[in-house]
Visitor: 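Okay, here's the structure, questions in a sec.
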Amino acid sequence: MKKKGLVIFFSIQFAATIYVRFTDEKYFGWAPYDQISTYRIEVKIGSSILTPEETSERYNLQNPGRENRNITHIFSQITQFEETYGKFDSAKVRVIFSVNGKTSEEWKYSN
Amino acid sequence: MEIFKLGSFGSRKDSPLPLLFVARLLVLYLIWIRGMRHILAPFLPFWEGLDKLRGLDFLYSGLDLIYWVAVAAVLIGYRFPRFALLLAILVFFQVMSSKGMYSTSFIYAGCMLFLIGLFRPGLEWIFRVQIALLYFGAGFNKLLDGDWWSGQYFQNFIYSVYPNYLNLGLAKWVGLENLALFLSCFTIVTELSLAFWVLSQKWKTEFVLTVLLFHLGMLVFTLGELSYIYFFLMAATSYLTLDWVRLEGLVSKGYKLTTRIDPKKFPVFQKNKSLHHTISKKNALIQSSEDGKGIVKNKLEILLFNKTAFFAFIVSIVFISKYKHHLMQLFYEL
């Protein structure tokens, strides 16, 4: 029984490693330091623009910051926050980011 | 009950693996390297149902108490498999409670504590499989990433993220693109090779030494920036893959492994006089007169099997890397 449990435990990990190849997010895929992204988050709620410190506190993320796994993790956290704790704020979020030193890109979210 | 004996041989009477030693190292990772003091309330959990636990301060105070009891129990060696399992569950719970807490090193430590908690003799393979999964995942993901094959990742790594006189000097000497491509290929090949190597169960000592060198190499290349966490975790957990069964066999034949570090000679297997074996004068190698096979290969292997020396080595490396700025400041002030 224990052996079966352990085989399942390892199988789930292996399956996750393969699965994340087909998703944007790389959680639980054993992919440390695959990508180094720098980012800056800008948030506007109504007519107010949050300071970097307020933004950092809002999402519990460094701002500006660096993400050593995958930039989509940042997007995922922002999206989840805005759809749950911040769903009544109608925030407009913009993330300016660069993956592995390439040209800056932009990601936007509005509720 | 084992009171804090860092050099004690094995921690379960039915297994030669140094499970307690590694469990203690994993606890050291949690409380010192990661600085985990509290179990935090959910914030952007992976499973949104956990959000219902927000605001239950009494629950988290209770989990904090359980956490510290488990930490203490593992450190003193009291029923450590159960408490290692408990710590693993707390780690998994913490990760599931917050996307911000997600890190592969944190989860890996949780997995290893989980496996230590579930270990029974005959299941030695579980640690090799876990290590293989980590390296396979790391190598496989890089293998399919265009930025690794083009060298883009390491060009950015060397030039922008971790620039220092060593890696910039190397880049200037061989060319940034060439260095980046070489490092990309080297990393992918090494990680995938380590994954298969650990499963093969061949050259176990060499495997552990390669793991140490690989992660130490990264630390040197980045002058201590990346990654003392993984150096510590992989050194600690790969330790379980050494040939402890062979070592136990020696002990059962009347050999005693000294755990003191004698500056004049390395720790040595001392032979029970009733058996006919020879000990070299330099204590470097012991040959069995019965089967003609070398029991211990060399001084390096003797040192590797010595938990005190191993502990001192890996903790020193992490200490220097983690506090290098403070140490340098102290040095300049002196």
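Proteins come first, then strands; the chains are lettered A, B, ... in the order of their sequence lines, and each starts at number 1. Any value given below was found using the heavy atoms of this structure, including those in side chains, with hydrogens, waters and symmetry copies removed. A quick note: this is a predicted structure, and the numbers were derived from the prediction, not measured.
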Visitor: Check whether any side-chain heavy atom of B:L144 sits under 4.5 Å from a side-chain heavy atom of A:R21, and report yes or no.
Guide: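 Answer yes - side chains close enough.
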
Visitor: Between B:S227 and chain A, with a heavy-atom cut-off of 4.5 Å, which part of the residue counts as in contact: side chain, backbone, both or neither?
Guide: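 When you check distances to chain A, only side chain atoms of B:S227 fall under 4.5 Å.
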
Visitor: For A:K3 and B:W125, work out which heavy atoms get closest and say how close.
Guide: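 Smallest heavy-atom distance, with atoms named: CG-CZ2, 4.5 Å.
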
Visitor: For the NZ atom on A:K92, are there more than 12 heavy atoms of other groups (residues, nucleotides or ligands in this structure) within a distance under 6.0 Å?
Guide: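 Count not over threshold, so no.
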
Visitor: Taking the side chain as every heavy atom from C-beta outward, state whether A:Y85 and B:F43 have any pair of such atoms under 4.5 Å apart.
Guide: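 SC-SC contact between A:Y85 and B:F43 confirmed.
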
Visitor: Measuring heavy-atom distances to chain A, does B:L123 have an atom under 4.5 Å in its side chain, in its backbone, in both, or in neither?
Guide: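 Contact with chain A involves the side chain of B:L123 alone.
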
Visitor: Measuring heavy-atom distances to chain B, does A:S76 have an atom under 4.5 Å in its side chain, in its backbone, in both, or in neither?
Guide: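 Contact with chain B involves both backbone and side-chain atoms of A:S76.
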
Visitor: Relative to chain A, which of B:Y135, B:F154, B:Y162, B:Y159 shows the most heavy atom pairs under 4.5 Å?
Guide: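 Going by pairs under 4.5 Å, I would pick B:Y162.
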
Visitor: Heavy-atom pairs under 4.5 Å with chain A: which of B:D145, B:T104, B:I107, B:I126 has the most?
Guide: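 So the answer, after comparing B:D145, B:T104, B:I107, B:I126, is B:T104.
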
Visitor: Does the structure place the NZ or CZ of B:R128 under 6.0 Å from the centre of the six-membered ring of A:F10, at an angle of no more than 45° from the ring's axis?
Guide: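 No.
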
Visitor: Can you confirm whether more than 12 heavy atoms, excluding those of A:E54, are under 6.0 Å from its CD atom?
Guide: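 Atom CD in A:E54 is packed in, count exceeds 12.
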
Visitor: Check for a donor-acceptor pair, side chain of B:W148 on one end and backbone N or O of A:D34 on the other, with a separation under 3.5 Å.
Guide: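 Yes; at least one donor-acceptor contact below 3.5 Å.
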
Visitor: Applying ring-ring contact (aromatic ring centres under 6.0 Å, His included), name anything that partners B:Y108, two or more places apart in sequence or on another chain.
Guide: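 By the ring-ring contact (aromatic ring centres under 6.0 Å, His included) rule, B:Y108 matches no residue at all.
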
Visitor: Looking only at the side chains, is there a donor atom on one of B:Q152 and A:K102 sitting less than 3.5 Å from an acceptor on the other?
Guide: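 The answer is no; no qualifying pair exists.
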
Visitor: Any side-chain donor-acceptor pair under 3.5 Å between B:N156 and A:N100?
Guide: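 On atom types as modelled, these side chains do not qualify, holding no pair under 3.5 Å.
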
Visitor: Please indicate whether B:E225 has more than 12 foreign heavy atoms, meaning atoms of other residues, nucleotides or ligands, lying under 6.0 Å from its CD.
Guide: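 More than 12 within 6.0 Å, yes.
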
Visitor: So, for B:Y102 and A:K26, which heavy atoms are closest and what is the spacing to 0.1 Å?
Guide: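 What the structure gives for the nearest pair is OH-O, 3.7 Å.
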
Visitor: Can you tell me how far the OH atom of B:Y153 sits from the CD atom of A:Q35, to the nearest 0.5 Å?
Guide: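 Answer for the OH-CD pair, B:Y153 versus A:Q35, is 9.5 Å.
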
Visitor: Restricting to pairs with a member in residues 86-97 of chain B, which pass side-chain hydrogen bond (donor to acceptor under 3.5 Å, both in side chains), not counting sequence neighbours?
Guide: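 Counting only pairs at least two positions apart or across chains, no side-chain hydrogen bond (donor to acceptor under 3.5 Å, both in side chains) contact touches residues 86-97 of chain B.
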
Visitor: Between SG of B:C111 and CD of A:Q13, what distance do you get to the nearest 0.5 Å?
Guide: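 Nearest 0.5 Å value for the SG-CD distance: 4.5 Å.
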
Visitor: Report the distance from atom CG of B:N141 to atom CG of A:N70, rounding to the nearest 0.5 Å.
Guide: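 Spacing of CG (B:N141) from CG (A:N70) equals 9.5 Å.
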
Visitor: If you count heavy-atom pairs under 4.5 Å between each of B:S105, B:G139, B:P45, B:S160 and chain A, which one has the most?
Guide: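 The option with the most such pairs is B:P45.
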
Visitor: When you measure from the side chain of A:Y27 to the backbone N and O of B:F46, does any donor-acceptor pair fall under 3.5 Å?
Guide: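 No; judged by distance alone, with no hydrogens or angles, the pair does not exist.
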
Visitor: Is the shortest side-chain heavy-atom distance between B:L44 and A:N60 below 4.5 Å?
Guide: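 In short, these two side chains do not touch, never coming nearer than 4.5 Å.
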
Visitor: Just give me the residue among B:K142, B:K99, B:E48 that pairs up with chain A most often, heavy atom to heavy atom, under 4.5 Å.
Guide: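 So the answer, after comparing B:K142, B:K99, B:E48, is B:K99.
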
Visitor: Distance check, rounded to the nearest 0.5 Å: A:T17 atom OG1 versus B:F140 atom CZ?
Guide: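 If we round to the nearest 0.5 Å, A:T17:OG1 and B:F140:CZ are 8.5 Å apart.
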
Visitor: Can you say whether the rings of B:F92 and A:F9 are parallel (under 30°), tilted (30 to 60°) or perpendicular (over 60°)?
Guide: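 Tilted, since the angle between the ring planes falls between 30° and 60°.
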
Visitor: Could you check if a side-chain atom of A:L6 sits within less than 4.5 angstrom of a side-chain atom of B:F119, using non-hydrogen atoms only?
Guide: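 No - every pair of side-chain heavy atoms lies 4.5 Å or more apart.
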
Visitor: Above 12 or not: heavy atoms from other molecules or residues under 6.0 Å from CZ of B:F93?
Guide: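 Check passes, neighbour count above 12.
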
Visitor: Distance from B:M96 atom CE to A:F28 atom CZ, nearest 0.5 Å?
Guide: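 Rounded to the nearest 0.5 Å, the CE-CZ separation comes to 5.5 Å.
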
